[in-house]
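Residue numbers run from 1 in the order of the sequence given.
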Amino acid sequence: MHDVDPAPRPPRQYIQLDHDALARTYAATLASSRRRYSLAARGLFCGLDVLYGRARTLEKFRVLELIARVPYQAWEQVAYVATTHVHERRDLARRIYDRVLECRVQQDNEQWHLFVLDELIAAKGNALGSLRTAWLPQIIAFFYYQISWLLYVVSPGWSYRLNADFEDHAEHEYAALVAEHPEWESAPFNSQFATDYGHFVSLADLFRQISYD
């Protein structure tokens, strides 16, 4: 059993930024360097480029969001097993469960991204067939789950690093996507999920928020 933080922490909640704050974080992301990605992360990114092309499309970002949920699901599963084995150590079991709650918050946040992307893709029409839309993402997510789970069992830090690489890649890719579409600055964001995820003055701010997340 690996050590956890000595004190429990409440799950980190979703934070929506206003337009000015989004503009600042967006500029900071564009100006920042990317992480030095691990070999596993670089292999994943290259594989996605081969399967979905190097162009930044909504369909490709949908695949990113499907995969983004996976590490949190893997960590949650390992944590449930851990709480079973340490149930007599109540303080430790509670701290592990707090990690479970945080994983759920992160999964939910990724799910809102996916809902919004599905809605936008449906409005414009899906440019991919069912193989690359439904089946390939699930296959990729399955293997990514196994890798995340195994790394977490062996050494949590390895699994955390892989996820940090993935999230850093997504942050920069979303920022680059906004830069490639200046017309989104004046495009309104109308969504049935706005009440749940957030109201934004434009599509550009929507994607800046997802990048920030």
Side-chain angles (χ1 to χ4, degrees), residues 16-17 19 21-72 106-107 109-141 143-144 162-191 193-194 197-198 200-213:
Q16 182 182 346
L17 303 182
H19 172 75
L22 286 172
R24 290 193 297 271
T25 60
Y26 166 69
T29 296
L30 289 177
S32 67
S33 300
R34 299 193 183 214
R35 286 171 56 91
R36 185 175 181 179
Y37 299 142
S38 65
L39 182 61
R42 293 199 302 270
L44 175 61
F45 304 152
C46 288
L48 291 175
D49 286 344
V50 170
L51 293 172
Y52 294 93
R54 297 183 63 85
R56 298 180 180 91
T57 64
L58 294 183
E59 289 83 0
K60 186 177 181 180
F61 280 96
R62 180 183 182 275
V63 177
L64 285 178
E65 295 300 341
L66 277 168
I67 299 172
R69 301 174 301 177
V70 166
Y72 307 111
Q106 300 296 345
Q107 288 180 63
N109 196 32
E110 304 292 359
Q111 185 62 58
W112 289 123
H113 299 170
L114 186 58
F115 281 145
V116 170
L117 283 170
D118 278 338
E119 187 179 51
L120 292 173
I121 291 171
K124 77 175 185 60
N126 190 348
L128 302 178
S130 60
L131 175 62
R132 289 196 293 168
T133 298
W135 295 106
L136 273 180
Q138 294 300 327
I139 294 172
I140 297 170
F143 284 104
Y144 191 47
L162 179 58
N163 184 60
D165 288 346
F166 188 92
E167 294 291 354
D168 180 82
H169 173 76
E171 175 189 350
H172 283 87
E173 287 296 294
Y174 271 114
L177 178 69
V178 174
E180 291 174 354
H181 292 276
E183 72 278 9
W184 286 355
E185 299 292 348
S186 58
F189 171 61
N190 299 311
S191 171
F193 304 111
Y197 182 64
F200 303 95
V201 298
S202 67
L203 279 179
D205 272 3
L206 164 70
F207 286 109
R208 288 187 181 108
Q209 177 68 55
I210 295 178
S211 174
Y212 171 76
D213 288 346

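Under the rule for a ring-ring contact (aromatic ring centres under 6.0 Å, His included), H172 has no partner lying at least two apart in sequence or in another chain. Residues meeting the side chain to side chain contact (heavy atoms under 4.5 Å, CB included) test with R132, sequence neighbours left out: Y52, L128, L136. With sequence neighbours left out, the side-chain hydrogen bond (donor to acceptor under 3.5 Å, both in side chains) criterion links T57 to no other residue. In this view, E65 and H113, Y174 satisfy the side-chain hydrogen bond (donor to acceptor under 3.5 Å, both in side chains) rule, not counting sequence neighbours. With sequence neighbours excluded, no residue satisfies salt bridge (charged side-chain N to carboxylate O under 4.0 Å, His left out) with R69. With sequence neighbours excluded, the residues forming a side chain to side chain contact (heavy atoms under 4.5 Å, CB included) with A21 are L17, D18, R24, listed by chain and number. Judged as a salt bridge (charged side-chain N to carboxylate O under 4.0 Å, His left out), and not counting sequence neighbours, the contacts of E185 are R208. Qualifying ring-ring contact (aromatic ring centres under 6.0 Å, His included) partners for Y72, counting only residues two or more places apart in sequence or in other chains: W75. H181 meets the ring-ring contact (aromatic ring centres under 6.0 Å, His included) test with W184; sequence neighbours excluded. Evaluation of the salt bridge (charged side-chain N to carboxylate O under 4.0 Å, His left out) rule for E173 yields R34, R56 as partners, not counting sequence neighbours. Shown here are the side chain to side chain contact (heavy atoms under 4.5 Å, CB included) partners of F45, two or more places apart in sequence or in another chain: Y37, A41, F166, H169. Listed by chain and number, the residues in a salt bridge (charged side-chain N to carboxylate O under 4.0 Å, His left out) with D118 are R62 (sequence neighbours excluded).
We find the CG-CG distance between L58 and L64 to be 11.5 Å, quoted to the nearest 0.5 Å. Taken to the nearest 0.5 Å, the CG atom of D213 stands 9.0 Å off from the CD atom of Q106. Going from atom CD1 of I210 over to atom CZ of F61 covers 9.5 Å, rounded to the nearest 0.5 Å. One finds the OG1 atom of T133 at 11.5 Å from the CD atom of Q138 (value rounded to the nearest 0.5 Å). Atoms OG and CD, from S202 and E183 in turn, are 11.0 Å apart once rounded to the nearest 0.5 Å. How far CZ of R36 is from CG of D168: 14.0 Å, rounded to the nearest 0.5 Å.
Pairing each heavy atom of A179 with each of P182, the nearest pair is O-CD, 3.9 Å. The shortest heavy-atom contact between R54 and D49 is NH1-OD2, 3.6 Å. Between L22 and D205, the shortest heavy-atom distance links the atoms CD1-O, 3.6 Å. Across all their heavy atoms, A204 and V178 have their closest contact at O-CG2, 4.0 Å. Nearest heavy-atom pair across Y197 and V116 is CD2-CG2, 4.5 Å. Residues N163 and P71 come closest through the heavy atom pair OD1-CG, 3.4 Å.
Side-chain contact between F115 and L120 is absent, with no heavy-atom pair separated by less than 4.5 Å. The shortest distance between side-chain heavy atoms of Q111 and L114 falls below 4.5 Å. Contact annotation: the side chain of I140 approaches that of L48 to within less than 4.5 Å [non-hydrogen atoms, C-beta and beyond].
The pair D165-R42 does not meet the salt-bridge criterion, since no charged nitrogen lies less than 4.0 angstrom from a carboxylate oxygen. At a threshold of 4.0 Å, the pair K124-E119 does not count as salt-bridged, since none of the basic side-chain nitrogens sits closer than that to a carboxylate oxygen.
Inspection of the E171 and S211 side chains reveals no N or O donor paired with an N or O acceptor under 3.5 Å.
Heavy-atom neighbours of F193 CZ from other residues, nucleotides or ligands within 6.0 Å: above the threshold of 12.
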- Task: Show your working on side-chain contact (heavy atoms from CB on, under 4.5 Å) between L44 and Y144 and close with a plain yes or no.
- Result: CA-CA 9 Å; L44 175 61; Y144 191 47; 4.1 Å; yes

